[in-house]
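Below you'll find the structure, written out as structure tokens, and then a few comments.
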Amino acid sequence: MKIDNIKKICVIGAGNMGHQIALCTALAGFQVRCTDISQDMLNKAEDFTRTYLPERVAKGKIPQAQADQALSNLSFTQNLEEAAGEADFVIEAAVEIMDIKRKLFADLDRIAPPHAILATNSSFIVSSKIADATKRPDKVCNMHFFNPALVMKLVEVVKGPHTSIETVQVTMDLCTKLGKNGVLLKKEIYGFLVNRILSALHHEALFLADMGIASPEEIDMAVTNALGHPMGPFRLMDFTGIDLSYYIGMERYRETGDPKDKPSPLVIEKFFKGEYGKKTKKGFYSYE
Ligand code: CAA
């Protein structure tokens with residue numbers, strides 16, 4: 001298969017990442033169906049699309065015709081069969097829980113056409129942990145976007161030992177079609193490139209806050225002022241979701257059994273208070 005054979009894309013998940021990946025692919029001219037088990041999330045994704053596109057036109061960032069085309073290219077449905085039944089390429093951006101992903105990939109293998117590539121946007125889980133839930137492991141890979149997906153240019157494409165060269169090539173070509181810079185990881189590694197670097201920073205920032213050395217606000221100020229990052233680590237966790245930090249830590253801890261992989265006390269506290277960051281209007285900062 002070649003990139004020119006990819007016409008229809010299915011995005012699984014309308015959350016933080018999924019709704020923007022769906023819009024990004026629709027803006028690039030693909031016919032896109034975005035699906036989620038939550039009708040509320042689908043409604044929010046559709047509302048975002050209907051607000052975002054006219055704003056981009058008003059700002060002079062995209063022509064009206066492209067916005068109109070993107071709007072007609074993109075549809076939302078709770079029905080997985082409807083979303084993936086005709087897809088040439090599936091991007092899964094569901095919750096970071098291994099069992100859910102494995103079940104989803106088994107369902108997708110049954111539903112999606114045999115030629116379809118099944119990619120996961122997982123931030124940490126390598127596709128070899130999922131590919132064997134399907135009968136097409138050669139067509140399974142990681143395609144990892146960054147938040148906000150409409151803005152951030154990088155996409156990590158990870159080749160698992162099961163992934164064919166053809167799948168990797170089509171996925172890298174898709175990155176180019178989306179206006180992204182794809183970086184190919186030739187071997188699987190937990191956390192890929194960027195999240196390995198980021199988690200070292202976050203681990204240290206959380207340790208300093210847990211120890212009472214400085215507050216999250218002060219640590220963020222130090223990182224933005226001294227290192228020039230656009231956001232400090234706590235603001236960034238609020239933005240990407242403290243629930244995501246929790247799930248990733250727990251998933252890793254389950255795998256390694258190493259206490260240092262457990263989410264930090266501060267993350268656990270926020271998670272159980274339901275303070276996930278921007279999306280719940282409260283995290284390390286308040287967004288009322
Ligand atoms: N959704 C879509 N577009 C957004 C946006 C959002 N949530 N927030 C900002 N933008 C767009 C704006 O529309 C604007 O676009 P134009 O310049 O084309 O008009 C542009 O981004 C800049 O926005 P602002 O001037 O309002 O704000 P800013 O300069 O502070 O930029 C930011 C906002 C791009 C988010 C910037 O703060 C930033 O780069 N933050 C760091 C983001 C980051 O590190 N992402 C990686 C997270 S880690 C991750 O994603 C890993 C994972 O596995 C989940």
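Counting starts at 1 for both ligands and their atoms, in listed order.
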Does the protein put any heavy atom within less than 4.0 Å of [atom]?
atom: atom 24 (P) of ligand 1; value: no
atom: atom 28 (P) of ligand 1; value: no
atom: atom 21 (O) of ligand 1; value: yes
atom: atom 10 (N) of ligand 1; value: yes
atom: atom 51 (C) of ligand 1; value: yes
atom: atom 37 (O) of ligand 1; value: yes
atom: atom 32 (C) of ligand 1; value: no

In the protein, which heavy atom is nearest to [atom], and how far is it?
atom: atom 45 (N) of ligand 1; value: Asn147 O, 2.8 Å
atom: atom 13 (O) of ligand 1; value: Arg56 NH1, 3.6 Å
atom: atom 44 (O) of ligand 1; value: Leu236 CD1, 3.6 Å
atom: atom 3 (N) of ligand 1; value: Val151 CG2, 3.2 Å
atom: atom 14 (C) of ligand 1; value: Lys59 NZ, 4.0 Å
atom: atom 17 (O) of ligand 1; value: Lys61 NZ, 3.9 Å
atom: atom 5 (C) of ligand 1; value: Pro148 CG, 4.0 Å
atom: atom 49 (C) of ligand 1; value: Phe146 CD2, 3.5 Å

Self-check item: Pair Glu96, Ser122: side-chain N/O donor-acceptor within cut-off below 3.5 Å
Solution: yes

Would you call the rings of Phe271 and Tyr246 parallel, tilted or perpendicular, taking 30° and 60° as the class edges? parallel

Euclidean distance, [Y] [atom2] relative to [X] [atom1], rounded to 0.5 Å:
X: Phe284; Y: Ile242; atom1: CZ; atom2: CD1; answer: 4.0 Å
X: Arg196; Y: Ile189; atom1: CZ; atom2: CD1; answer: 3.5 Å
X: Leu74; Y: Ile9; atom1: CG; atom2: CD1; answer: 11.0 Å

Distance-only N or O hit between ligand 1 and Ser123, under 3.5 Å: yes

_Measuring centre to centre across the rings, with the benzene-like ring taken for any Trp, is Phe124 within less than 6.0 Å of Tyr190?_
yes

Note: ligand 1 atoms sitting under 4.0 Å from heavy atoms of Leu198 are 48 (S)

Salt bridge between Lys44 and Asp40, side-chain N to carboxylate O under 4.0 Å? yes

Q) Ion pair present between Lys180 and Glu156, side-chain N to carboxylate O less than 4.0 angstrom? A) no

Less than 4.0 Å is my threshold; does some heavy atom of Gln20 fall inside it relative to ligand 1? yes

Notebook entry, point to check: Among the heavy atoms of His144, does any lie under 4.0 Å from an atom of ligand 1?
Noted result: yes

Between Met172 and the options Val157, Val155, Thr167, the side chain to side chain contact (heavy atoms under 4.5 Å, CB included) test singles out Val157

Side chain to side chain contact (heavy atoms under 4.5 Å, CB included) with Pro233: of Leu198, Asp220, Leu208, Leu206, only one passes, and it is Asp220

Going by the 4.0 angstrom heavy-atom rule, the piece of Met152 near ligand 1 is side chain

All heavy atoms of Cys175 vs all of Met143, minimum pair found to be SG-CE, 3.9 Å

Shortest non-hydrogen pair, Ile12 vs Cys10, comes out as CD1-SG, 3.7 Å

